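The shown structure was predicted, so the numbers you read here are calculated from the model rather than taken from an experiment.
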Amino acid sequence: MPKMKTHSGAKKRFKVTAKGKLRGRHAMTSHMLGKKSAKRKRRLEKPVALSEADASRIKELLGK
């Protein structure tokens, strides 16, 4: 059986930390930014750790 390929979309969007956790971007950062405060937008810039349920699905796509 051939090797599993890494999902190209997932490898661009998620990063695995040294301890094996997954990091991704916050939602609500792409449009309608005028109504959001600068403080809120700064907070949304920083990566967020994914929940365990989501992380298991993404790890499968990344081949981890």
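Checked by atom type and distance alone, the side chain of K15 never pairs as donor or acceptor with a backbone atom of G24 at under 3.5 Å. Side chain of K59 to main chain of G20: a donor-acceptor pair is present (N/O by atom type, distance under 3.5 Å, no hydrogens or angles).
Residue V48 comes nearest to H26 through the heavy atom pair CB-NE2, 3.7 Å, listed as atom of the first residue, atom of the second, then distance.
In this structure, CZ on R23 lies 15.5 Å from CD1 on I58, to the nearest 0.5 angstrom. How far NZ of K64 is from OG of S56: 15.5 Å, rounded to the nearest 0.5 Å. Atoms CG and CG, from L22 and L62 in turn, are 6.5 Å apart once rounded to the nearest 0.5 Å.
Contact annotation: the side chain of K21 never approaches that of V16 to less than 4.5 Å [non-hydrogen atoms, C-beta and beyond].
For R40, the side-chain contact (heavy atoms from CB on, under 4.5 Å) partners are K36, S37, R43, L44, not counting sequence neighbours.
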